[in-house]
Amino acid sequence: MWTKPYGMKEGFLIGGGLIVAGLMLELSGGPVAWDAFHWPVNGIVLACFLAFIAIIFLLRKKVYGLHFIGTSKAAIPALIYAVVLTVIMGLTRQTVDGMWLNNILSFWPFVLIYVYITVILGQVVLSKVRRLVTQQNHSLTSYLSPLTSILNHLGLFLALTTATLGNADMQRLKMITLKGEPEWRTLNQEQQIVEMPIAIELKEFVMETYDDGKPKRFASEIQILTKSGNNIQTTVEVNKPVDVDGWKIYQYGYDTQMGAMSQTSILELVSDPWLPLVYTGIYMMLAGAICFMLLAIPWAGGWRQVRKHPKHALAIAVVIVAAFFCVHHFMPILHSDTLVPALQSPWFKPHIIAYMLAYTLMASAAVIALYLLIRSKQGSLDNIVYIGVALITIGMLFGALWAKEAWGHYWSWDPKETWAAITWFAYLAYVHYRQIPTHQPKLALWVLLISFVLLQMCWWGINYLPSAQGSSVHVYG
């Protein structure tokens with residue numbers, strides 16, 4: 001223990017030490033006070049955090065422990081700790097005023113583990129950039145792999161840091177508008193009245209329904225009066241927010257008892273000054289995921305393997321096709337003719353298709369992994385899993401962009417989003433574990449099977465979790 005080179009045991013001890021330190025902070029000072037991170041405090045914290053990461057990188061050759069932070073053997077235990085803590089969050093009902101495990105976003109052990117992951121991301125990014133700049137081979141292929149890694153790690157680093165620190169500056173306000181009456185007052189999350197620099201008047205509430213009476217579309221025809229004197233006539237509806245003076249206006253609700261005759265419309269007004277930085281991270285991750293998928297596809301080598309082992313290739317193809325039809329069959333939302341308004345979005349098909357293909361590949365990998373374990377055989381599933389991880393990433397990020405347009409937030413740790421993160425981290429643990437030269441093939445297969453079990457919770461299991469009932473926007477019931 002603690003002999004060079006460090007292994008995963010040391011990685012687990014570091015993570016365990018952070019858990020203990022977090023518990024001590026929780027007991028002595030209470031939960032993390034995120035409300036204190038308003039501008040300019042969050043800007044100062046970000047600058048200090050970036051300087052801290054740079055110092056660790058500069059000292060990594062002098063202090064071996066700092067060098068270890070940027071390795072896969074440090075990342076894997078951190079990911080596993082993140083999975084365990086996030087599973088706890090996914091199984092318990094979360095409340096803003098909850099204590100300990102019932103408000104885990106402010107729970108010090110959870111926060112410290114995610115900060116540690118972000119530090120690891122920073123070390124990997126700096127290491128990859130340095131290697132890319134100093135490499136001697138200047139061919140396109142020599143640049144593509146490190147560039148893909150930089151896009152993925154830097155994108156996640158940017159999204160995590162700016163979304164977390166910028167959350168205190170985000171304002172989400174509810175406005176209840178009555179037909180024919182201008183309104184400038186809103187309610188914040190503490191139910192306090194906040195006066196707005198704009199006034200909104202509801203001109204008409206519009207609702208279309210399906211034959212069974214379920215809402216097909218609802219929207220508000222509104223008039224907006226700004227401080228500059230602009231008079232804007234527009235329509236706001238689900239998935240189609242309106243931008244005015246740095247605010248996004250969303251259709252949130254209406255008088256459900258009156259239905260189509262409602263004289264009331266509930267709007268949500270959102271201001272998110274850190275959004276451009278978060279979106280930069282998201283789009284970097286999207287580009288990285290696409291590059292990662294292209295690198296994982298065995299272009300020429302795949303055809304050689306098919307010709308060399310046609311029976312194996314046919315068996316794998318049959319498993320993938322069978323998994324695809326199973327996934328297609330068990331996603332009834334694909335066959336619905338009465339989609340709720342939130343699902344009527346241009347993001348719906350790309351989001352669903354990416355996840356459907358990912359589930360297909362991960363189901364195939366799980367079946368093959370189980371076969372290999374039962375028969376005590378060895379085999380590499382890396383290409384299938386890597387493509388699946390890329391598709392999960394793409395589907396998850398499409399979902400984040402869609403959520404921003406539909407509900408005003410790209411990530412709110414909704415139970416569905418929580419289990420999506422759990423699944424993603426679990427498969428990332430597999431990806432990083434396979435990069436260790438001394439990895440154990442059987443353990444890697446077990447990681448795949450456990451990850452697939454977690455995937456089931458993300459896919460359909462959350463519909464039956466008490467923690468998701470009445471609190472998840474993804475349970476359409």
Side-chain angles (χ1 to χ4, degrees), residues 35 38 95-97 167-275 338-346 402-410 412 414 470-473 476-477:
D35 291 342
H38 286 284
T95 58
V96 176
D97 56 349
N167 188 62
D169 291 330
M170 182 188 293
Q171 295 185 69
R172 300 186 62 183
L173 308 171
K174 299 289 191 307
M175 177 182 284
I176 301 174
T177 59
L178 301 177
K179 186 175 179 181
E181 298 183 17
E183 184 60 77
W184 63 95
R185 295 162 300 178
T186 61
L187 292 173
N188 61 20
Q189 293 180 333
E190 288 75 35
Q191 301 303 304
Q192 298 169 332
I193 295 176
V194 178
E195 294 190 359
M196 296 297 297
I198 59 176
I200 301 176
E201 179 181 346
L202 176 64
K203 292 297 185 180
E204 194 70 42
F205 179 76
V206 180
M207 174 179 279
E208 299 173 11
T209 60
Y210 292 106
D211 294 338
D212 59 1
K214 293 180 180 179
K216 179 179 181 180
R217 171 182 178 264
F218 56 89
S220 299
E221 297 177 2
I222 58 175
Q223 177 176 294
I224 306 171
L225 183 62
T226 67
K227 270 191 172 181
S228 58
N230 293 330
N231 198 328
I232 304 170
Q233 301 277 349
T234 186
T235 300
V236 57
E237 61 180 291
V238 181
N239 285 312
K240 295 180 181 178
V242 174
D243 289 287
V244 177
D245 290 352
W247 291 87
K248 266 196 171 185
I249 304 172
Y250 294 84
Q251 178 65 58
Y252 186 80
Y254 56 94
D255 186 344
T256 54
Q257 292 185 343
M258 294 291 291
M261 303 300 292
S262 176
Q263 302 295 299
T264 301
S265 180
I266 305 173
L267 306 175
E268 183 174 45
L269 286 75
V270 179
S271 172
D272 189 359
W274 290 64
L275 184 62
T338 57
L339 294 176
V340 297
L343 296 180
Q344 298 171 31
S345 166
W402 177 10
K404 185 62 180 176
E405 291 302 301
W407 298 305
H409 52 75
Y410 37 81
S412 64
D414 175 273
S471 63
S472 175
V473 295
Y476 303 104

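The structure presented is a predicted model; accordingly, all values stated were derived computationally and were not measured.
Of all heavy-atom pairs between D169 and W274, the closest is OD2-NE1, 2.9 Å. The two atoms that bring A260 and M207 nearest to each other are N-SD, 3.6 Å, heavy atoms only. The nearest pair of heavy atoms linking Y254 to P215 is OH-CG, 4.1 Å. Nearest approach of S262 to F205, heavy atoms of both residues: O-CB, 3.6 Å. Between P182 and G180, the shortest heavy-atom distance links the atoms CD-O, 3.8 Å.
Here the straight-line distance linking atom CD of E405 with atom OG of S345 works out to 8.0 Å at 0.5 Å rounding. The NZ atom of K216 sits 9.0 Å away from atom OG1 of T209, with the distance rounded to the nearest 0.5 Å. Summarising the geometry, atom CG belonging to D245 is positioned 9.0 Å from atom CD1 belonging to I224; distances are rounded to the nearest 0.5 Å. Distance CG/L275 to NE2/H409: 13.0 Å, rounded to 0.5 Å. Atom CD of E201 and atom CG of N231 lie 9.0 Å apart (nearest 0.5 Å). T264 OG1 to K179 NZ: the interatomic distance, rounded to the nearest 0.5 Å, is 11.0 Å.
Remark: R172 does not engage D272 in a salt bridge, criterion side-chain N to carboxylate O under 4.0 Å. A salt bridge does not link K203 to E221: none of the charged nitrogens lies less than 4.0 Å from a carboxylate oxygen.
Under the 3.5 Å distance criterion, the side-chain polar atoms of Y250 are matched with a main-chain donor or acceptor of K404. Between the side chain of T186 and the backbone N or O of V194, at least one donor-acceptor pair lies under 3.5 Å.
For the side-chain contact (heavy atoms from CB on, under 4.5 Å) with I198, the qualifying choice from I232, T226, L225 is T226, the only one to do so.
The side-chain heavy atoms of I222 and T235, taken from C-beta on, include no pair separated by under 4.5 Å. Side-chain contact check for R185 versus I193: some heavy-atom pair is nearer than 4.5 Å. Taking 4.5 Å as the limit, every side-chain heavy atom of M170 sits out of range of all side-chain heavy atoms of S271. In this structure, L173 and M175 have side chains that are not in contact, with every pair of non-hydrogen atoms separated by 4.5 Å or more. Taking the side chain as every heavy atom from C-beta outward, T177 and L267 approach each other to under 4.5 Å.
Surrounding CD of E190 are more than 12 heavy atoms belonging to other residues, nucleotides or ligands, all under 6.0 Å away. Counted within 6.0 Å of CD1 on I176, heavy atoms from surrounding residues, nucleotides or ligands total 12 or fewer; the atom is thus considered open. Other residues, nucleotides and ligands place more than 12 heavy atoms under 6.0 Å from the CZ atom of F218.
For the 3.5 Å distance criterion, the side chains of W402 and N239 qualify, holding a donor opposite an acceptor. In this model, a donor atom of one side chain and an acceptor atom of the other lie less than 3.5 Å apart for Q251 and S265.
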Should K174 and E268 be marked as a salt bridge (Lys or Arg N to Asp or Glu O under 4.0 Å) after you check the CA-CA gap, both sets of side-chain angles, and the distance that decides it?
-> CA-CA 5 Å; K174 299 289 191 307; E268 183 174 45; 3.3 Å; yes

Dump the intermediate steps for side chain to side chain contact (heavy atoms under 4.5 Å, CB included) on V270 and Q171, then the final yes or no.
-> CA-CA 6 Å; V270 179; Q171 295 185 69; over 6 Å; no

Begin from the C-alpha positions of E183 and I200 and carry the test side chain to side chain contact (heavy atoms under 4.5 Å, CB included) through to its verdict.
-> CA-CA 5 Å; E183 184 60 77; I200 301 176; 5.6 Å; no

